[in-house]
Number of protein chains: 2
Amino acid sequence: MELSSTAHVILGMLRNEERSGYEIKQAVDGSTRFFWAASYGQIYPQLKQLSKLGLIEGTEAPRGGRKRTVYRLTPAGRAELRRWLADPAETFELRDEGLLKLFFSGAGTPGDAAGSVADKRRYHADKLDRLREIEPAVKALGDPYPYMVLSHGIEYSEWMIAWCERVEHDLAGAGRGGRRAA
Amino acid sequence: MELSSTAHVILGMLRNEERSGYEIKQAVDGSTRFFWAASYGQIYPQLKQLSKLGLIEGTEAPRGGRKRTVYRLTPAGRAELRRWLADPAETFELRDEGLLKLFFSGAGTPGDAAGSVADKRRYHADKLDRLREIEPAVKALGDPYPYMVLSHGIEYSEWMIAWCERVEHDLAGAGRGGRRAA
DNA sequence: GCATGCATGTAAGGAGTTACATGATTCA
DNA sequence: TGAATCATGTAACTCCTTACATGCATGC
């Protein structure tokens, strides 16, 4: 009875407070999304599944007249979360279409390579902006780990932007030519 | 008629030479695997598909008495490859279970957090070794772009290892305790 | 009254991995 | 002779996203 990795995000998101499926989705989108996403199509069926397994339990908690179910960890659920935390991570996957294009750029124009790197720089600059926005709130949390992970994201983005700038400079040195307007 | 991203890896891998499905898989495993993987279950059906679309063409090229089909780009296939190279990349996805565990580490023991970071450091140190092994061969290529991408991988791994070491040091400062033997 | 947000879900489909099956060849 | 490698493929399965559907509540 292997739990899916999405199951563990749910258990993790319930570690300190009870939450509805909707709120779990909000929490994921506001925090782990950059390195671990989850959609409603995964979350709601998993909540049912985890309830059936006795790892979480849901109670009706309507807001006004609007129906709402919040879930919390059972002791078994907390044990499973802890067991998972103590185990080595299995998944590290990167899918980077920009690097793929850069890799094959010999088949295109010099502008293609420069364009791929510039796109990548903008993508990460944009991400950096969004991470910096949430930084004060995350830093103010009692829990130090989310801030550690956020710092990782910020420093990673900074490193990536610097790498892109350097490569863009190198590419501009040999053979000029842009592809698109910046 | 949107092409899958796997289709473009295949087109890219055929940009300079003709290759069999088996050789494409070898090439992917020896180069783009870290940021763009592909399995036989994708490659062989895609080769059929791309043939039907007229973007590649296969010829029988037995090696000894062993059956073998090599594929090369048609003009239409090369045009599609160039079109794709000039377009902005759409996909950048990261799935990092180690970061997820670190994020939720407040629900575990202090050793769990340190363990997740140590695992991550070892994972990237190992990857770095493998990248350094192929570095001379890639550098010797006529095409500069694969080496650019390899350098990205090497410098990224180095950055990641340094980040892990720093965090491990910080974590060791507050509350000692290891989780597993290194 | 209408748009937006809260809240829960499902159906369909795409993408990708794993495991399996087959068979030839090469090398120790 | 047997193991490893070359070579091609398929079936089943998991995972995940997207699009859709429903309906209440809130605020403009």
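Residue A:Q42 places none of its side-chain N or O atoms closer than 4.0 Å to OP1 or OP2 of D:dC15. Applying the 4.0 Å criterion to OP1 and OP2 of C:dT8, one finds that A:Y22 has every side-chain N and O outside that range. Side-chain nitrogen and oxygen atoms of B:R63 include at least one within less than 4.0 Å of the OP1 or OP2 phosphate oxygen of D:dA7.
Taking the charged nitrogens against the carboxylate oxygens, A:K101 and B:D87 have no contact shorter than 4.0 Å, which rules out a salt bridge. A salt bridge is absent between B:D170 and B:R166; no separation between the charged side-chain nitrogens and carboxylate oxygens falls under 4.0 Å. A salt bridge does not link A:E133 with A:R130: every distance from a Lys NZ or Arg NE/NH1/NH2 to an Asp or Glu carboxylate oxygen is 4.0 Å or more. Between A:R122 and A:D126, none of the side-chain N atoms (NZ, or NE/NH1/NH2) sits under 4.0 Å from a carboxylate O, so this pair counts as no salt bridge.
Linking Ile, Leu, Val, Met, Phe, Trp and Tyr residues whenever their side-chain heavy atoms come within less than 4.5 Å places B:L73 and B:Y145 in a single cluster.
The interatomic distance linking B:E93 (CD) with C:dG16 (C1') rounds to 12 Å, in whole Å. Across the protein-nucleic acid pair, A:E97 atom CD and C:dG16 atom C1' stand 16 Å apart, rounded to whole Å. Summarising the geometry, the separation between CZ on A:R19 and P on C:dT8 is reported as 13 Å, rounded to the nearest angstrom. Distance, B:F35 CZ to C:dG16 P: 15 Å, rounded to whole Å. In this entry the distance linking CD1 of B:I43 with P of C:dA15 reads 15 Å, nearest Å. In this structure, CD of A:Q46 is placed 16 Å from P of C:dT8, rounded to the nearest angstrom. Protein atom CD of B:Q26 is 13 Å distant from nucleotide atom C1' of D:dT8, rounded to whole Å. The NZ atom of A:K25 sits 13 Å away from the P atom of D:dC16 (whole-angstrom rounding).
Counting non-hydrogen atoms under 4.0 angstrom, B:G21 reaches the backbone sugars and phosphates but no base. In this structure, B:S20 reaches the sugar-phosphate backbone alone: every heavy-atom distance under 4.0 Å involves primed, P, OP1 or OP2 atoms, never a base. Using a 4.0 Å heavy-atom distance criterion, A:R66 is classed as a base contact.
Positionally, the nearest nucleotide of DNA chain D for B:E23 lies more toward the 5' end than for the other of B:E23 and B:R95. Remark on DNA chain C: of its neighbouring residues A:V70 and B:A38, the 5'-side contact belongs to A:V70, judged by nearest-heavy-atom nucleotide.
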Between the protein and nucleotides 9-14 of chain D, which nitrogen or oxygen pairs are less than 3.5 angstrom apart?
unit_1: D:dG9; atom_1: OP1; unit_2: B:K48; atom_2: NZ; d: 3.3

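Of the listed nucleotides (D:dT17, C:dA15, D:dT5), C:dA15 has the atom at the smallest distance from the side chain of B:S4.
Across the helix from C:dG1-D:dC28 to C:dA28-D:dT1, the helix axis at one end is tilted relative to the axis at the other end by 30° (nearest 10 degrees, each axis from five pairs).
Between B:F103 and A:D143 the shortest heavy-atom distance is O-OD2, 4.4 Å. Contact between A:G98 and B:A89 at its shortest, heavy atoms only, is N-CB, 3.6 Å. Nearest heavy-atom pair across A:L99 and B:V149 is O-CG2, 3.7 Å.
Donor-acceptor pairing under 3.5 Å is lacking for the side chains of A:Q46 and A:T6. No side-chain donor-acceptor contact under 3.5 Å links A:E158 and B:W159.
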